[in-house]
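Throughout, protein chains are lettered first and strands after them, A, B, ... in sequence-line order, and every chain is numbered starting at 1.
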Amino acid sequence: MNYWLMKSEPDVYGIADLRRDRQTIWDGVRNYQARNFLRSMQPGDLAFFYHSNAAPLGITGVMRIVESGIADPTQFDSTSNYYDVKSTKESPRWQTVCVEFVEELPHLVSLDTLRSQFSPDELLVVKPGNRLSVIPVAPAIAQRILTLVTAT
DNA sequence: GCCAACGTTGGC
DNA sequence: GCCAACGTTGGC
């Protein structure tokens, strides 16, 4: 079982939206490195839901991967911001996953807290200038994050 | 609103 | 294949 961290702007789609929807297709990722991580996800993997471009910044919840290898539907939608004219249904360029709500954390684990606990080598999200929206989290680091949740 | 980081595009 | 220009992300 692998752990991940996935960013979303709460103004666009936040943890409250996922709690309401229970499941969602994580669409709109248009970065090859992030896509490759999405491709390697497996059902049962857990992902931290991270609020970016927000106040406060940080991890707000946990979700579970329920299906992987889904062709991102927005790449075929000419009205979408994420439309990709070069992608075909026969060989889609962008794959993503379906996630389900697991929990909203009682207290957000802020970026400041994450910075105080982890080095950029341990947790990429604390690296200044980092823009990757889907990142792997080592199991030992994930366990330490979960410990921070219960400690606060 | 600013700007650092960095991925993508396109001319050559 | 190089690299300058440009666009986007996301923290501050």
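Donor-acceptor pairing under 3.5 Å is recorded for the side chains of Arg30(A) and Thr74(A). With 3.5 Å as the limit, one finds no donor-acceptor pair spanning the side chains of Ser116(A) and Thr113(A). In the model, Thr79(A) has a side-chain atom that pairs as donor or acceptor with a side-chain atom of Asp77(A) under 3.5 Å.
Evaluation of the side-chain contact (heavy atoms from CB on, under 4.5 Å) rule for Asp21(A) yields Tyr13(A) as partners, not counting sequence neighbours.
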Practice task
Go along nucleotides 6-12 of chain C 5' to 3' and tag each nucleotide: B for a protein heavy atom under 4.0 Å from its base, S when only backbone or sugar atoms are that close, - otherwise.
Solution key: -BBBBBS
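Under the 6.0 Å cut-off for aromatic ring centres, Phe76(A) and Trp94(A) do not qualify, their centroids lying 6.0 Å or more apart.
Salt-bridge annotation for Arg19(A) and Glu103(A): absent, with no side-chain N of the basic residue lying under 4.0 Å from a carboxylate O of the acidic one. With salt bridges taken as basic N to acidic carboxylate O contacts below 4.0 Å, none links Asp72(A) and Arg93(A).
Within residues 26-34 of chain A, the residues that have a heavy atom under 4.0 Å from DNA chain B are, in order of number, Asn31(A), Tyr32(A).
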